[in-house]
Amino acid sequence: MNDQIRTKEVRLVGPQGEQVGIVSIDKALQLAADVDLDLVEVAPTARPPVCKLMDYGKYKYESAQKARASRRNQQQTVIKEMKLRPKIDKHDYETKKGHIVRFLTAGDKVKITIMFRGREQSRPELGRRLLDKLAEELADLAVIESAAKQDGRNMIMVVAPIRPKGEIKGGGRKSGRDRGEAAAPAEEVPAAAEAPAETPES
């Protein structure tokens, strides 16, 4: 920037992006001084290097502001995990499906793991059938991001919410009074999802 630029001539760009052309470094510095701006090298590997007239302090401030805004708007991807057994009973299945619904309603992805033990490893179709059933029942809330696949003794499928996290509203639990006064909206979590997330593996 300014006197730190070590070259005899530069391709100069004006403050509004207009092309001034190739000028000597002395003339470029004089033009910058005339309009009370900085001469900033923006393409040092070009021949000759490209420099622009700008208010460098203002540029740095605006760049920092944009970076902070971008970080604030960036959504953090969270992947929850739910583990099931291929021969899970109906009650446990409904409870764990409720947890998955709650995760999806909150905008989180869910990794669903079917754990095979002993002789169950010779019956992978049981796990695939269970994952297919879950995918069908969750079709209104989720899309399959990673199809069911065998991973050692486990079979894994990843589902993601249809709506981005920032667009999902009202996904939390309702109080008993609220549930008594009005029907739950379409995005509310089913009653089975209100059990604690950390349940013993079946």
S.K.: Could you tell me whether the side chain of D108 reaches within less than 4.5 Å of the side chain of I79, counting heavy atoms only?
M.R.: no

S.K.: Calculate, to the nearest 0.5 Å, the distance between atoms CD and OG belonging to E9 and S24 respectively.
M.R.: 8.5 Å

S.K.: Is M82 reachable from V158 through a run of hydrophobic residues whose side-chain heavy atoms are each under 4.5 Å from the next?
M.R.: no

S.K.: So, taking the atom named SG in C51 and the one named CG in L31, what distance separates them when rounded to the nearest 0.5 Å?
M.R.: 12.0 Å

S.K.: Restricting to side-chain contact (heavy atoms from CB on, under 4.5 Å), what partner residues turn up for Q4, sequence neighbours left out?
M.R.: M1

S.K.: Answer yes or no: is there a side-chain heavy-atom contact under 4.5 Å between L134 and K97?
M.R.: yes

S.K.: Taking all non-hydrogen atoms of both residues into account, name the closest pair between V143 and I162 and its distance.
M.R.: CG1-CG1, 3.9 Å

S.K.: Does N2 use its side chain to pair, donor to acceptor, with the backbone of L39 at less than 3.5 Å?
M.R.: yes

S.K.: Could you check whether any side-chain heavy atom of K80 comes within less than 4.5 Å of a side-chain heavy atom of K111, counting everything from C-beta outward?
M.R.: no

S.K.: Using 0.5 Å steps for rounding, measure from the CG atom of D132 to the CD atom of E137.
M.R.: 11.5 Å

S.K.: More than 12 heavy atoms of other residues, nucleotides or ligands under 6.0 Å from CG of D36: is that the case?
M.R.: no

S.K.: Please name all residues satisfying side-chain hydrogen bond (donor to acceptor under 3.5 Å, both in side chains) with E125, sequence neighbours left out, ordered by chain then number.
M.R.: R123

S.K.: Any side-chain heavy atom of K109 within less than 4.5 Å of one from P161?
M.R.: yes

S.K.: Any donor and acceptor pair, going by atom type alone, linking the side chain of Q65 with main-chain N or O of S63 inside 3.5 Å?
M.R.: no

S.K.: For Y93, is the NZ or CZ atom of K133 found under 6.0 angstrom from the centre of its six-membered ring and inside 45 degrees of the ring axis?
M.R.: yes

S.K.: Is it the case that the side chain of K96 and the backbone of L84 share a donor-acceptor pair, with hydrogens and angles ignored and the cut-off at 3.5 Å?
M.R.: no

S.K.: Kindly give the heavy-atom pair with the smallest separation between A148 and R128, and that separation in Å.
M.R.: O-NH1, 3.4 Å

S.K.: Working to the nearest 0.5 Å, report the span between CG of L37 and CG of L53.
M.R.: 6.0 Å

S.K.: If you define the side chain from C-beta out and look only at heavy atoms, does anything of V23 sit under 4.5 Å from V10?
M.R.: yes

S.K.: Please say yes or no: joined through hydrophobic side-chain contacts below 4.5 Å, possibly via intermediate residues, are V50 and V40 part of one cluster?
M.R.: yes

S.K.: If you measure from CG on L29 to CG on L12, what distance do you get to the nearest 0.5 Å?
M.R.: 10.0 Å

S.K.: Between N154 and M115, what is the shortest heavy-atom contact and its length?
M.R.: OD1-CA, 3.5 Å

S.K.: Below 4.5 Å, heavy atoms only, C-beta onward: do L130 and I88 meet side chain to side chain?
M.R.: yes

S.K.: If we only count heavy atoms from C-beta on, is the F116 to Q150 side-chain gap below 4.5 Å?
M.R.: yes

S.K.: Pair I112, I100 - check side chain to side chain contact (heavy atoms under 4.5 Å, CB included), show working.
M.R.: CA-CA 9 Å; I112 305 168; I100 296 171; 4.0 Å; yes

S.K.: State whether a side-chain donor-acceptor pair under 3.5 Å links D26 with Q30.
M.R.: no

S.K.: Tell me the closest heavy-atom pair linking P48 and R11, and the distance in Å.
M.R.: CG-N, 3.9 Å

S.K.: Would you kindly confirm whether V35 and V42 end up in one hydrophobic cluster when ILVMFWY residues are joined by side chain heavy atoms under 4.5 Å apart?
M.R.: no

S.K.: Which pair of non-hydrogen atoms, one from Y56 and one from D38, has the smallest distance, and what is that distance?
M.R.: N-OD2, 3.1 Å

S.K.: Within the distance-only criterion (no hydrogens, no angle test), does the side chain of D55 pair as donor or acceptor with the backbone N or O of G57 below 3.5 angstrom?
M.R.: yes

S.K.: What's the spacing between I114 CD1 and R129 CZ if we round to 0.5 Å?
M.R.: 12.0 Å

S.K.: Please determine whether salt bridge (Lys or Arg N to Asp or Glu O under 4.0 Å) holds for the pair R117 and E120, giving the CA-CA distance in whole Å, both sets of side-chain angles, and the decisive distance to 0.1 Å.
M.R.: CA-CA 5 Å; R117 293 178 182 172; E120 292 174 348; over 6 Å; no

S.K.: Does any part of the side chain of V20, heavy atoms only, come nearer than 4.5 Å to the side chain of V13, both counted from C-beta?
M.R.: no

